[in-house]
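The structure presented is a predicted model; accordingly, all values stated were derived computationally and were not measured. Below, chain A is the first sequence line, B the second, and so on; all start at residue 1.
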Amino acid sequence: MTDSKYFTTTKKGEIFELKAELNSDKKEKKKEAVKKVIASMTVGKDVSALFPDVVNCMQTDNLELKKLVYLYLMNYAKSQPDMAIMAVNTFVKDCEDPNPLIRALAVRTMGCIRVDKITEYLCEPLRKCLKDEDPYVRKTAAVCVAKLHDINAQLVEDQGFLDTLKDLISDSNPMVVANAVAALSEIAESHPSSNLLDLNPQSINKLLTALNECTEWGQIFILDCLANYTPKDDREAQSICERVTPRLSHANSAVVLSAVKVLMKFMEMLSKDLDYYGTLLKKLAPPLVTLLSAEPELQYVALRNINLIVQKRPEILKHEMKVFFVKYNDPIYVKLEKLDIMIRLASQANIAQVLAELKEYATEVDVDFVRKAVRAIGRCAIKVEQSAERCVSTLLDLIQTKVNYVVQEAIVVIKDIFRKYPNKYESVIATLCENLDSLDEPEARAAMIWIVGEYAERIDNADELLESFLEGFHDESTQVQLQLLTAIVKLFLKKPTETQELVQQVLSLATQDSDNPDLRDRGYIYWRLLSTDPVAAKEVVLAEKPLISEETDLIEPTLLDELICYIGTLASVYHKPPSAFVEGGRGVVHKSLPPRTASSESTESPETAPAGAPSSEQPDVIPTQGDLLGDLLNLDLGPPVSGPPLATSSVQMGAVDLLGGGLDSLMGDEPEGIGGPNFVAPPAAAVPANLGASMGSGLSDLFDLTSGVGTLSGSYVAPKAVWLPAMKAKGLEISGTFTRQVGSISMDLQLTNKALQVMTDFAIQFNRNSFGLAPAAPLQVHAPLSPNQTVEISLPLNTVGSVMKMEPLNNLQVAVKNNIDVFYFSTLYPLHILFVEDGKMDRQMFLATWKDIPNENEAQFQIRDCPLNAEAVSSRLQSSNIFTVAKRNVEGQDMLYQSLKLTNGIWVLAELRIQPGNPSFTLSLKCRAPEVSQHVYQAYETILKN
Amino acid sequence: MLTAPLSRPSGLSCRQGRKGEVHLQPGLLGSQAQEVQTRWRPSPCFGAGKRSPTKMIHSLFLINCSGDIFLEKHWKSVVSQSVCDYFFEAQEKAADVENVPPVISTPHHYLISIHRDRLFFVSVIQTEVPPLFVIEFLHRVADTFQDYFGECSEAAIKDNVVIVYELLEEMLDNGFPLATESNILKELIKPPTILRSVVNSITGSSNVGDTLPTGQLSNIPWRRAGVKYTNNEAYFDVVEEIDAIIDKSGSTVFAEIQGVIDACIKLSGMPDLSLSFMNPRLLDDVSFHPCIRFKRWESERVLSFIPPDGNFRLISYRVSSQNLVAIPVYVKHSISFKENSSCGRFDITIGPKQNMGKTIEGITVTVHMPKVVLNMNLTPTQGSYTFDPVTKVLTWDVGKITPQKLPSLKGLVNLQSGAPKPEENPSLNIQFKIQQLAISGLKVNRLDMYGEKYKPFKGVKYVTKAGKFQVRT
């Protein structure tokens, strides 16, 4: 007899029959019925209607039945909290049961019932269970503290459960230790400010001892906890590392990876001259390789992490290339990751092997994989100069196979090779041209056209080739169109006599018949250049291109360092910091590698890179971004451009100038000024940037009296605070504040570009919020924001957006977009920006309303340390639209009766009691929507104290 | 005068979605932003008000190969089955079941899955969590089912659904793994046996242990107390698998040995064992069962431990330096397809190489032939072969090699007429087994027992197998 019988349905209402069976007198029948209920639960059927009947079966001495009922309760307690209260008595009783199994079961289920009302009944039983003689009960109770904390944090703290939990870290039983650590780290994570796991040498020592004692799962929690600690010097770091290394031999791969995280992080503090540093490096390789022999899912996660580790410390795995060789029956997601790491590890020493492998992969069946393999060959050529020739010949072999997608992929990478080694492999162009007709993917067509244009002088029939593309110009993708336009212009500049007609044709196609502004713009610029000064045109269009750099796809060093701190987590799988996908603010603590602090004796050579700075051997990563002038020069921005970043950015500003300053200047009498990419003198570059900034804030300057006078003519304005740190937004820093001036609200923003690239295309939007705040106009940033530039913008707001109640009430979630990405942050706005100008209530009205609002809606607050007298208070509040309706003097105290109205029409009435000589005021607020009181009080505080 | 339009549309239009997420309308934003929308929807919690810190595993769905969800378990609140749609979507995209990515992000959750025995274990995660932790745990769940029911199949799980539920509840509490050691679980929840279910149905007794697992009280949670056997036995299996890639010319591209020592220990009381090797230096990359005392290994290279009761994996290890890995077989092959003709030739011969004088047996050769192959007409000198024209898989069951007469398989390949000849030659996948040999040369020296008086039976068995053993042609 098996459990499948429980799945058979009956003809009549199933629930009805089960109900009858649950209420049967026969114990056996009852048990069978509960089993049926659980069977239905497992397939997702809703059997919550049987709650009371199942709970009735709880009072039994049959352990199995009891366990089954508890199983049911745990599933439904969260969704049926009110009914779960019925079970409280039994819980409390079961917590006293002589059988520890039952005690544990009760304490465990109890924590699943998320009802505030009953939590206090649970405290006593829980306290007993935390000190239970049986470890099985203690470990269950430890987890229950975390559950309870989630329901009512205050209660848990008041009852002292957290201290008991901390004591359990030194429990004699490993499972208790594991669960105590797990519970503590969950609580700490949800309340980052709680200092619960305040890590100091003593508590670290405790954790390290527990590490040896506790179960594998607990070890993971402890290791993750350790990774958050910053040792005070390299000695402490080393001693922790020494105690963590044995974990590398653990059978559980999650333990291994967490240990790797701790070691990778603390290694940062060790001097490279230390013997121990070398030993540690050697110890890290075998466990990482071992992870690759596990199940494919584990391999995948391991590979994503190894990808990070290899970028940070390539020396660890430099001799292990072979383990990344792809087996033909690896899942595709493993294959692609392995390939990526192979390229990262490729060096002169192993390039022959790698190339032979890649060639092998290029004949496999999976198209995606083959493409990536072909591309990898090109990347090897660019990375290892000595191998370039062999790579090119391998690619030519592949082109001979005539397999369509292989050919196309090969052409794309050969174009990159030309960029890296100009005038070296042009002999292959003939072979490439043979395959012209078979190219059907835009990227490959564009690459081919680039090659033809770039080497037009060496290809006899370049004009014919390009002309053949021109026939279907309008059917091509933008990428190909732009490329074709540039290539033909290049051709014209090289062979002006025979191609005049062709260039006319392409210019008119681009400027007159196209809807694409990019294409049109580029067409016009060429046209202008050619018609005004062909010599200058030649210098611009045929300017020498910077070489492309060796490494592509590297993660930016700061992000890499952050990700190293997140080894083993989802962030490491996605190669994005958690702030990119976990709501900012709560629970996300920005992590960074510890700086290298040597203890006094250790001598560090002066040339070692300073803490935090990218070490010298790390290649500079220049972000790849399309920019206008780059496009004009047709720099093909796929791979990053090497060269000093400053030069790049000034060129970009130049491009802005070219457009912003009006095309006329191009035609003006200073043709020598536009000779090449170096034609922009630094001061000229600064002009448009400043212009943009002042234009951006021009509007707000008219009104903005932020500096000091704000209190007189408008509401109080808080100083700007940083809302979005640059670390979290790829270099964009946003700070801001809110203002209210004569009835209009605005958000004053200050955008700072702390990245190396120009930022453009700014836009902003708000999430729904409690008062319907929304931008009244788009975010106007008039000029691209160049590196290190700051712009001030005043964004007018209105309150007609959609409304959703937020927690806290004045929370505003904002999304800001630029050309790089979209970023999210949230901020709290002061409520007084919502106090409207007609917030003065009539006296009679005030009295009536005050009486009308029930007393339970009244809230009382203390405003301390405010040295103002009643007069000053009144006038200061008035400027922020809090109006004094009446004033009374009762027994030497000044009573101010005040009213204010929020943008959504909510009235708030206030009574402010001021005792002369006493700097503490008492504020009583009455409002039909009492949840605003707290925030109104805060507004009072801010206005009066600033 | 020409004035070209300079500004691009940069406005954002916004649409309020369910749960207050900010939806950025695609099209107006750059491709980067769309990427954010499809893969990086801000976060499950953006705007969702109070977040409950649900660390770890939220729910588990078991899905069979035809895409039915046949079991679900929620440790927190109930998550609707519809979350699995994202999984099915990914499954569809991947074409092959093996290629479904193990981590999938959805607007409100992450799905982390494993594929075991034609079943998918899909777990639902809500916050940042170590994925390996989850994957390890899921494999542990599958292992436990295997251990309890003899197989990890839909039928077995459905037949024992109540036990399964009890197990899942016992293994994870509030998202934290509780008891995952088979020794402990078996005391809390008794595995089903035919005898017991008969007895249960007669006597009305249950399969729930009503006493606490004794191991929980001690510092050795993996072993129960009070173990008693009449025959005390300790057996060890040293199993080594060779992973290798051999290239066309027969030279080794890559080779390593994945070894494990599995133990079957049935000893009474609290035995303390020491296992030593003739050549422990071979083992420089080892993963240990938690019972092993690491310090002792570091200092003396001896495995010292109090074993769990029953079957368990004592260590796993890897031997990678190329010169230590012997390749026991070689393959001579000649596979060719003629240009513009609908046939090709296929000829492979297998012979022994470095087999240390042992017999190589259980040889099977599997070949994924190119798609254009219609049929194969072959003659084996020994064993039998099959070719599946649908999956294009050729399987040749060779048996064992006798050096006097090497097994070979030759014949003609029929290709689809008119189709271009295949670009690539297929790889050969080879399986074999060598009894009484650990190919790395690892040898157990002795096993000593302390702490108990009786004399146990001891035994060590060695076997070498092919792991992922591929020959490129």
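Proximity to chain A (any heavy atom under 4.5 Å) is shown, for K295(B), by neither the backbone nor the side chain. Proximity to chain B is absent for every atom of V34(A), based on heavy atoms less than 4.5 angstrom apart. Both the backbone and the side chain of F133(B) come within contact range of chain A, judged by heavy atoms closer than 4.5 Å. If you measure heavy-atom distances from P296(A) to chain B, you find no contacts under 4.5 Å at all. Only the side chain of N179(A) comes within contact range of chain B, with at least one heavy atom under 4.5 Å from a heavy atom of that chain. Of the atoms belonging to V143(A), heavy atoms from both backbone and side chain fall under 4.5 Å from chain B. For V134(B), no part lies near chain A; criterion is any non-hydrogen pair under 4.5 Å. Y300(A) touches chain B through its side chain: at least one heavy atom from C-beta onward sits under 4.5 Å away, while N, CA, C and O do not. In this structure, chain A has a heavy atom under 4.5 Å from the side chain of H139(B), while its backbone stays farther away. With a threshold of 4.5 angstrom between heavy atoms, F137(B) approaches chain A through its backbone and through its side chain. Interface remark: R140(B) contributes side-chain atoms only to the contact with chain A (heavy atom separation under 4.5 Å). There is no contact between E241(B) and chain A, counting heavy-atom distances below 4.5 Å. Residue I102(A): no heavy atom, backbone or side chain, is found under 4.5 Å from chain B. Using a 4.5 Å cut-off between heavy atoms, L71(B) touches chain A through backbone and side chain atoms alike.
To the nearest 0.5 angstrom, Q299(A) atom CD is 11.5 Å from L132(B) atom CG. E360(A) contributes atom CD, which lies 4.5 Å from atom CZ of R472(B) (distance to the nearest 0.5 angstrom). Atoms NZ and CG, from K147(A) and D173(B) in turn, are 3.5 Å apart once rounded to the nearest 0.5 Å. How far CG of D243(B) is from CZ of F325(A): 14.5 Å, rounded to the nearest 0.5 Å. To the nearest 0.5 Å, atoms CD1 (I315(B)) and OG (S249(A)) are separated by 10.5 Å. The distance from the CG atom of D285(B) to the CG atom of L248(A) is 10.0 Å, given to the nearest 0.5 Å.
With respect to chain A, the highest number of heavy-atom pairs below 4.5 Å among L62(B), V100(B), I69(B), N425(B) belongs to V100(B). By number of non-hydrogen pairs under 4.5 angstrom with chain B, the leading residue of E357(A), K805(A), Q219(A) is E357(A). Ranked by heavy-atom pairs under 4.5 Å with chain B, the first of A302(A), C144(A), S253(A), A251(A) is S253(A). The greatest number of non-hydrogen atom pairs below 4.5 Å with chain B, out of T401(A), N252(A), I38(A), T363(A), is found for N252(A). Counting heavy-atom pairs under 4.5 Å between each of I292(B), T180(B), D247(B) and chain A puts T180(B) at the top. When each of V289(A), L291(A), V573(A), L257(A) is checked for heavy-atom pairs under 4.5 Å with chain B, V289(A) comes out on top. When H115(B), H289(B), R116(B) are compared by the number of non-hydrogen pairs under 4.5 Å with chain A, H115(B) comes out ahead. Ranked by non-hydrogen atom pairs under 4.5 Å with chain B, the options E216(A), E320(A), K327(A), H149(A) are led by K327(A). Interface summary for chain A: among Y317(B), Y165(B), W297(B), the most heavy-atom pairs under 4.5 angstrom belong to Y165(B).
Open room surrounds NZ on K371(B); 12 or fewer heavy atoms of other groups in view lie less than 6.0 Å from it.
The minimum heavy-atom distance between N99(B) and P331(A), with the atom names listed, is OD1-CA, 3.2 Å. Closest heavy-atom contact between A39(A) and V161(B): CB-CG1, 4.1 Å. Summarising the geometry of G568(A) relative to P131(B), their closest heavy-atom pair is O-CD, 2.9 Å, with the distance given to 0.1 Å. When all heavy atoms of V103(B) and Y574(A) are compared, the closest pair comes out as CG1-OH, 3.7 Å. Taking all atoms of both residues into account, the shortest heavy-atom contact from Q81(B) to V43(A) is NE2-O, 3.6 Å. What you find for Q258(B) and S293(A) is that their closest heavy atoms are NE2-CB, 2.9 Å.
The shortest side-chain heavy-atom distance between V253(B) and K322(A) does not fall under the 4.5 Å cut-off. Residues F254(B) and V323(A) form a side-chain contact, since some pair of their non-hydrogen atoms from C-beta on lies under 4.5 Å apart. The closest side-chain heavy-atom distance from S287(B) to T290(A) is below 4.5 Å. Here the side chains of I135(B) and V301(A) are in contact, with some heavy-atom distance below 4.5 Å. Contact of the E136(B) side chain with the I220(A) side chain is not registered, since no non-hydrogen atoms from C-beta on lie closer than 4.5 Å.
Side-chain atoms of E297(A) do not come within 3.5 Å of backbone N or O of S113(B) as any donor-acceptor pair.
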Worksheet item: Going through the distances and angles, do I114(B) and E295(A) end up as a side chain to side chain contact (heavy atoms under 4.5 Å, CB included)?
Response: CA-CA 9 Å; I114(B) 63 162; E295(A) 287 81 359; over 6 Å; no

Practice prompt. Kindly determine whether M41(A) and H74(B) satisfy side chain to side chain contact (heavy atoms under 4.5 Å, CB included), including the steps that lead there.
Written response: CA-CA 10 Å; M41(A) 212 160 75; H74(B) 308 276; over 6 Å; no

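Look at K67(A) and E169(B) and you find no salt bridge, because none of the NZ, NE, NH1 or NH2 atoms lies under 4.0 Å from a carboxylate O. A salt bridge links D330(A) with K468(B): at least one charged nitrogen is closer than 4.0 Å to a carboxylate oxygen.
Residues Q470(B) and N329(A) bring a donor and an acceptor atom of their side chains to less than 3.5 Å of each other.
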